[in-house]
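Read the numbers this way: they start at 1 and go in the same order the structure lists the ligands and their atoms.
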Amino acid sequence: MADLQSKALFERARALIPGGVNSPVRAFRAVGGEPIFIARAKGARLFDVSGGEYVDFVGSWGPAILGHAHPDVVRAVQEAAERGLSYGAPTAGEVTFAEAVRSLYPSIHKMRCVSSGTEATMSAIRAARGFTKRDYIVKFEGCYHGHADHLLVKAGSGLATFGVPDSAGVPEGTARTTLTLPYNDIPALEALFAARGAEIAAAIVEPVVGNMGCVPPAPGFLAAIIDLCKKHGAISIFDEVMTGSRLARGGAQELYGLVPDMTALGKIIGGGMPLAAYGGREEIMNCVAPLGPVYQAGTLSGNPVAVSAGLATIAHLTPDLYARLESLGARLESGLREGAKAAGVPATVQRVGSMITLFFRDGAVRSWDDAATSDTKRFGTWHMGMIARGIYWPPSQFEAAFLSGAHTEADIDRAVKASNESLAA
Ligand code: KE4
């Protein structure tokens, strides 16, 4: 239940901002609540405007892998800000950042910084279309790649949460060039490429889905995307905005040992600041202006303050961090699973590393059709119980929760206890 000061702020916000929030997923509408306004955050904690304290499992929807307000990241931002906020000219930091990204993602031979994951996926697709001179793109139902027009087709995240898989305002002609397939359906993928491979510019995929809840790839699914794209002259794009440096230092492509043609990054590499990137094979990126005919630009692209946050975050992406995230994730997964079983509640817990979802449905979730049968009403009451017990969990059945290096075993056990009590309520 939102605190009184949040309620007052929400009233004012609704007069000026659609739904009172600057992003729909923050609205708490899917869980029948009202947004909690946050005053500050530190480590694994959020503090609301009335002083209420929560263990945070949203982590700003992924970026806060080190925990909030990590001292090294804050110091880097302060020092960068004192040198000026933005110059609109190249800086040494952007070169160092590109070198750091290249070392984390060897498949990224060349890259371009942008300011959001949406810009990263949108630009990667434009580059792929410009390089191949083809129009059609393939995406997978339930995957969300940001809010560019051509990607708001059978998308996940907030669209799935509000049951509107397609957005108003997207021209029919734009949506027509987006072909959608079920996630994890290799035969359907093979059939589409057999029929239309010569028309396809790119296939974009969340290598582990977070935006219909956490859904891992079936064995061979990601490799099939890469191989079929190669066979038909299309471009494979891993949207690693969420999985990048979440599942491993080098993201899902490192975890699964795969090499996509292009990658979109965001969230963690910006350390919580507006910094994202796209890149891949050199011949594709050499199509991008000023070298080639694919135009893409941005006033704040590679912003020096954001780059300082990204570099300070990347410096802490150590093997020990991922080992700890795996250990905490396994503890949370088994705790949630055992609690649901003991309560006799139909539920499935799915996790990859420090991305995790409790689905209120029986049986594995392999695609959007599976996820869509979840009991979202039951999720809503459970979520309300978690919030009431000081656990800030993503306010949608169709999102992944995240852990950070700042979480402790005690935090995990507190979340499991809160879940067990919420399930029993
Ligand atoms: P942004 O434009 O929100 O930075 O990134 C878009 C995006 C692209 N690709 C993936 C795989 C993503 O998960 C996202 C954004 N994720 C959502 C939450 N699932 C961000 C939260 C929000 O929309 O407010």
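Nearest protein neighbour of atom 24 (O) of ligand 1, counting heavy atoms only, is S23 OG, 2.5 Å. Among all non-hydrogen protein atoms, the one lying nearest atom 9 (N) of ligand 1 is D239 OD2, 2.7 Å.
The closest non-hydrogen atom to atom 17 (C) of ligand 1, taken over E206, M122, K267, comes from K267.
For R45 and D411, the salt-bridge test passes: some basic side-chain N is under 4.0 Å from an acidic carboxylate O. A salt bridge is absent between K230 and D227; no separation between the charged side-chain nitrogens and carboxylate oxygens falls under 4.0 Å. In this structure, R102 does not pair ionically with E99, as no charged nitrogen and carboxylate oxygen lie closer than 4.0 Å. The pair E254-R249 fails the salt-bridge criterion, with no side-chain N (NZ, NE, NH1 or NH2) lying under 4.0 Å from an Asp/Glu carboxylate O. Salt bridge status for R331 with E326: absent, with no side-chain N to carboxylate O gap under 4.0 Å. In this structure, E333 pairs ionically with R337, as a charged nitrogen and a carboxylate oxygen lie closer than 4.0 Å.
Scanning all heavy atoms of the two residues, the minimum distance from A39 to D48 falls at CB-O, 3.9 Å.
Heavy-atom proximity to V25, at under 4.0 Å, picks out these atoms of ligand 1: 21 (C), 22 (C), 23 (O), 24 (O). Taking every heavy atom of G146 and a limit of under 4.0 angstrom, the matching atoms of ligand 1 come to 6 (C), 7 (C), 8 (C). Close approach of ligand 1 to S157 (heavy-atom distance below 4.0 Å) involves ligand atoms 18 (C), 19 (N). In the vicinity of M242, heavy-atom distances shorter than 4.0 Å reach the ligand 1 atoms 13 (O), 19 (N). Every atom of ligand 1 with a heavy atom of S116 under 4.0 Å away is listed here by number and element: 2 (O), 4 (O).
Considering backbone and side-chain atoms alike, H147 places every N or O at 3.5 Å or more from each N or O of ligand 1. Between E399 and ligand 1, at least one N/O pair is under 3.5 Å apart. At least one N or O atom of N211 sits closer than 3.5 Å to an N or O atom of ligand 1. For the pair G117 and ligand 1, the shortest N or O to N or O distance falls below 3.5 Å. Here's the thing with T118: one of its N/O atoms is less than 3.5 angstrom from an N/O atom of ligand 1.
A perpendicular orientation is assigned to the rings of W382 and W393, their planes being inclined by more than 60° (bins at 30° and 60°).
Cation-pi contact between R14 and F10: present, with separation from the ring centre below 6.0 Å and deviation from the ring axis of at most 45°.
Within a 4.0 Å radius of atom 5 (O) of ligand 1, the protein has at least one heavy atom.
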